[in-house]
Asks: 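Would you mind keeping the following structure in view while I ask a few things?
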Amino acid sequence: MTNKKQNILIIGAGLCGSLLALRLGQRGYNVTVYEMRPDLRKTDISAGRSINLAFSDRGNKAIKLVGIEAQVEKLCIPMNGRMLHDKDGNTFLSNYSGRDHEYINSISRGQLNALLLDEAEKHDHVTIHFNTQCKSVDFENTTAHFQDYNTKNEFVEDADCIIATDGAGSALRKSYYLERKFLFSFSQEYLTHGYKELSILPTETGDYKTYKNALHIWPRGDFMVIALPNLDGSFTVTLFLSYAEGEYNFNNLTTPEIVIEFFQKEFPDALELMPNLVDDFFENPTAPLGTVKCSPWHYKGNTLLMGDSAHAIVPFYGQGMNASFEDVVEFDAVLDAHKDSDWETIFTAFEKTRKKDTDAIADLAIDNFHEMKDHVGQPIFQEKRKIEMALEKAFPDEYSSKYSLVTFNEHIGYREAMLRGRAQDKAILTMLADGVISANHHIKDILDKVTAVTNEILEDDKVAGL
């Protein structure tokens with residue numbers, strides 16, 4: 001936009017909203033942000049939400065864009081792979097990549113959000129208000145209706161455009177479908193599983209009770225536990241479990257005795273590290289796992305959905321925050337490409353560029369849910385991973401697994417990563433099952449066969465319109 005004094009209203013000051021406010025502030029826009037929760041820099045608002053997240057290359061693109069890479073790096077704990085735990089307490093470290101420089105990071109949600117808020121507020125033309133809920137948006141007149149939690153006063157704000165980064169329960173998205181003034185498609189699908197946050201506390205001396213630099217997984221077929229490290233020596237632990245199916249489920253884990261029995265049977269080595277299990281289990285809420293897809297994300301040049309408000313996903317690829325951060329990078333690129341255009345042109349171009357990729361990562365995240373809770377423990381999957389690690393190590397410029405394509409190849413879109421990654425998985429698993437390849441074969445022969453069959457599958461998919 002040529003007029004940098006345009007007034008932009010952002011609804012939501014979470015990770016995506018605070019990053020967007022910072023970047024638009026850097027570009028010279030007048031930015032006002034309203035957040036319904038208290039200022040997390042002054043009070044603890046985690047309330048059972050994950051306090052740490054997986055931060056990887058796509059998210060780091062955005063951090064580089066706003067120039068705070070050194071500050072963010074201090075908040076990161078590198079995780080080189082998945083540490084798998086079986087029922088007998090045996091562990092197996094499965095690296096994320098055959099390339100030593102590729103790893104993901106555990107990062108504190110609160111500390112990262114606080115940093116982004118601090119950086120955004122350094123700009124005089126960026127203002128952030130807390131404890132103020134958006135009740136609805138009049139997207140035809142570009143105004144938003146708010147209520148102050150403290151005073152109970154209600155008021156209306158107008159702007160040149162409104163961007164909603166207010167998460168899966170977005171007030172703007174709700175206004176889109178309730179008003180029924182244009183053709184708006186919306187889907188919200190829940191898994192049969194929910195999640196509950198638990199914790200492994202540090203030792204009395206502040207050390208980690210188990211291996212620090214990995215994402216720990218206890219895969220059990222239909223359910224699992226994962227753990228990510230924190231800077232204070234603790235781990236954030238998450239139990240993913242069905243609400244109603246199976247011998248143990250969230251609906252029947254109703255007493256301390258049943259919870260301990262469940263962990264003794266399924267996760268005995270984790271239980272040893274968690275004397276606080278019962279307290280955490282009954283103090284923290286059980287939350288659902290859902291995927292949101294919708295279109296269009298924008299109404300004319302007035303309003304735009306971004307981040308989870310446009311495309312909430314389940315957490316099993318560790319890409320929720322990274323995808324939202326990449327939204328900001330893609331939006332910034334569209335602003336550069338359409339400097340003399342109006343907001344409608346910009347919003348349309350952004351959605352056209354971005355939606356196919358956010359749909360893809362939503363589907364991939366569900367794929368990875370089944371992979372993490374079940375497939376990682378299967379011999380054929382472990383042999384596939386062994387082959388892929390060897391391919392990445394021997395041919396770092398020629399081969400990347402689906403996980404690497406999604407997580408470490410930030411220069412390609414999620415959709416391209418999904419199509420090639422799924423084709424590779426199908427090629428390797430089929431050839432392993434048929435005895436065409438094995439981990440004992442010459443690595444160059446394996447590469448040639450995998451490449452040839454992958455390209456055949458991609459061509460077939462293309463012909464089929466996939």
Side-chain angles (χ1 to χ4, degrees), residues 16 20 56-59 61-62 65 163-165 168 170 172-173 176-177 182-189 290-300 303-338 341 343-369 400-426 454-455 457-466:
C16 185
L20 180 64
S56 54
D57 294 28
R58 292 180 192 273
K61 272 194 305 188
L65 177 67
I163 303 177
T165 55
S170 172
L172 174 58
R173 195 182 67 243
Y176 276 178
Y177 69 76
F182 65 104
L183 297 176
F184 180 68
S185 299
F186 167 66
S187 69
Q188 181 171 283
E189 295 186 25
T291 299
V292 169
K293 294 180 181 178
C294 65
S295 68
W297 293 350
H298 62 97
Y299 179 77
K300 298 182 178 178
T303 55
L304 174 70
L305 298 166
M306 190 181 291
D308 282 358
S309 65
H311 50 80
I313 63 175
V314 294
F316 302 107
Y317 233 108
Q319 287 294 307
M321 169 184 63
N322 295 289
S324 292
F325 278 13
E326 195 175 56
D327 281 0
V328 177
V329 175
E330 294 295 322
F331 187 68
D332 189 71
V334 170
L335 287 174
D336 284 340
H338 298 272
S341 301
W343 285 118
E344 184 169 10
T345 302
I346 289 166
F347 292 171
T348 301
F350 171 64
E351 182 171 353
K352 186 176 181 181
T353 300
R354 191 69 182 138
K355 181 167 168 52
K356 64 182 185 299
D357 288 322
T358 59
D359 283 352
I361 191 57
D363 295 342
L364 282 165
I366 292 172
D367 286 354
N368 222 39
F369 167 57
S400 289
S401 69
K402 182 175 71 179
Y403 187 88
S404 291
L405 288 168
V406 171
T407 307
F408 306 123
N409 286 262
E410 69 276 14
H411 58 283
I412 68 173
Y414 284 125
R415 178 168 171 77
E416 183 183 342
M418 178 183 73
L419 294 175
R420 172 157 285 277
R422 282 179 170 175
Q424 287 176 176
D425 284 355
K426 185 176 179 180
T454 297
N455 289 336
I457 294 169
L458 286 170
E459 189 58 36
D460 288 345
D461 288 348
K462 189 175 179 182
V463 171
L466 301 177

Asks: Considering residues, nucleotides and ligands other than Lys300, do more than 12 of their heavy atoms fall under 6.0 Å from its NZ?
Replies: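 Atom NZ in Lys300 is not packed in, count stays at 12 or less.
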
Asks: Arg420: which residues meet the salt bridge (charged side-chain N to carboxylate O under 4.0 Å, His left out) condition with it, sequence neighbours left out?
Replies: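 Result, salt bridge (charged side-chain N to carboxylate O under 4.0 Å, His left out) vs Arg420: none returned.
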
Asks: Only pairs at least two apart or in different chains count here, so list each salt bridge (Lys or Arg N to Asp or Glu O under 4.0 Å) that has a residue in residues 315-324.
Replies: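 Counting only pairs at least two positions apart or across chains, no salt bridge (Lys or Arg N to Asp or Glu O under 4.0 Å) contact touches residues 315-324.
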
Asks: Go through the structure and list residues passing ring-ring contact (aromatic ring centres under 6.0 Å, His included) with Tyr414, not counting sequence neighbours.
Replies: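 None.
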
Asks: Search all heavy atoms of Ser404 against all heavy atoms of Asn409 and return the closest pair with its distance.
Replies: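 Result for this residue pair: O-ND2, 2.9 Å.
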
Asks: In terms of ring plane angle, is the pair Phe184 and Tyr177 parallel, tilted or perpendicular, where the classes change at 30° and 60°?
Replies: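 It falls in the parallel class, under 30°.
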
Asks: Check this for me: Lys356, atom NZ, are more than 12 non-hydrogen atoms of other residues, nucleotides or ligands nearer than 6.0 Å?
Replies: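 Counting other residues, nucleotides and ligands, NZ of Lys356 exceeds 12 neighbours.
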
Asks: Let me confirm one number: the CG-CD1 distance from Asp367 to Ile361, rounded to the nearest 0.5 Å.
Replies: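 Here the rounded value is 9.5 Å.
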
Asks: Return the NE2 to CD1 distance between His298 and Ile346, rounded to the nearest 0.5 Å.
Replies: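 It is 11.5 Å, given to the nearest 0.5 Å.
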
Asks: How long is the gap from CG on Asp327 to CH2 on Trp297, to the nearest 0.5 Å?
Replies: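 CH2 of Trp297 is found 5.5 Å from CG of Asp327.
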
Asks: Would you say Phe347 and Val334 make side-chain contact, with heavy atoms under 4.5 Å?
Replies: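 SC-SC contact between Phe347 and Val334 ruled out.
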
Asks: Quick check for you: to the nearest 0.5 Å, what is the distance between Phe369 atom CZ and Ile313 atom CD1?
Replies: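 Interatomic distance, Phe369 CZ to Ile313 CD1, rounded to 0.5 Å: 14.5 Å.
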
Asks: Report, as yes or no, whether the 6.0 Å neighbourhood of atom CD on Glu189 holds more than 12 heavy atoms from other residues, nucleotides or ligands.
Replies: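 For Glu189, atom CD is not crowded (no more than 12 foreign heavy atoms under 6.0 Å).
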
Asks: Can you name the salt bridge (charged side-chain N to carboxylate O under 4.0 Å, His left out) partners of Asp57, sequence neighbours left out?
Replies: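 By the salt bridge (charged side-chain N to carboxylate O under 4.0 Å, His left out) rule, Asp57 matches no residue at all.
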
Asks: Taking the side chain from Ser324 and the backbone from Met321, do they hold a donor-acceptor pair closer than 3.5 Å?
Replies: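 No, Ser324 side chain to Met321 backbone: no donor-acceptor pair under 3.5 Å.
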
Asks: side-chain contact (heavy atoms from CB on, under 4.5 Å) for Asp363 and Lys293? Distances and angles first, verdict last.
Replies: CA-CA 11 Å; Asp363 295 342; Lys293 294 180 181 178; 2.9 Å; yes

Asks: Any idea which heavy atoms bring Lys402 and Ala417 closest together, and the distance?
Replies: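 For Lys402 versus Ala417, the nearest heavy atoms are CG-O, 4.4 Å.
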
Asks: Kindly indicate whether the side chain of Leu20, heavy atoms from C-beta on, has any atom under 4.5 Å from the side chain of Thr165.
Replies: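 Result yes, sub-4.5 Å side-chain heavy-atom pair found.
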
Asks: For Leu419 and Asp461: C-alpha separation, side-chain torsions, deciding distance, then whether side-chain contact (heavy atoms from CB on, under 4.5 Å) applies.
Replies: CA-CA 9 Å; Leu419 294 175; Asp461 288 348; 5.5 Å; no

Asks: Would you call the rings of Tyr176 and Phe182 parallel, tilted or perpendicular if under 30° counts as parallel and over 60° as perpendicular?
Replies: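 Answer is perpendicular, since the angle exceeds 60°.
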
Asks: Which pair of heavy atoms, one from Ser309 and one from Arg173, lies closest together, and at what distance?
Replies: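 For Ser309 versus Arg173, the nearest heavy atoms are O-NH1, 2.8 Å.
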
Asks: Could you tell me which non-hydrogen atom of Ala423 sits nearest to which non-hydrogen atom of Thr454, and how far apart they are?
Replies: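 Shortest heavy-atom separation between Ala423 and Thr454 comes out as CB-CG2, 3.9 Å.
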
Asks: Using the salt bridge (charged side-chain N to carboxylate O under 4.0 Å, His left out) criterion, which residues pair with Asp357? Sequence neighbours excluded.
Replies: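 Salt bridge (charged side-chain N to carboxylate O under 4.0 Å, His left out) check on Asp357 returns nothing, list empty.
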
Asks: Can Ser400 and Gln424 be counted as having a side-chain donor-acceptor contact under 3.5 angstrom?
Replies: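 Result is no, nothing qualifies.
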
Asks: Taking all non-hydrogen atoms of both residues, which atom of Gln319 and which atom of Ser56 are closest, and how far apart?
Replies: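 Closest pair (atom of Gln319, atom of Ser56, distance): NE2-OG, 3.1 Å.
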
Asks: With Arg58, which residues qualify under salt bridge (charged side-chain N to carboxylate O under 4.0 Å, His left out), at least two apart?
Replies: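 Arg58 satisfies salt bridge (charged side-chain N to carboxylate O under 4.0 Å, His left out) with Glu326 only.
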
Asks: Out of curiosity, Leu65 CG to Asp332 CG, how far, rounded to the nearest 0.5 Å?
Replies: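 Rounded to the nearest 0.5 Å, the CG-CG separation comes to 4.5 Å.
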
Asks: Identify the two heavy atoms, one from Ala349 and one from His338, that lie closest to each other, and give their separation to 0.1 Å.
Replies: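 For Ala349 and His338, the tightest heavy-atom pair comes out as CB-NE2, 3.7 Å.
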
Asks: Look up atom CE in Met306 and atom CD in Glu330, then write down how far apart they are to the nearest 0.5 Å.
Replies: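 Here the rounded value is 10.5 Å.
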
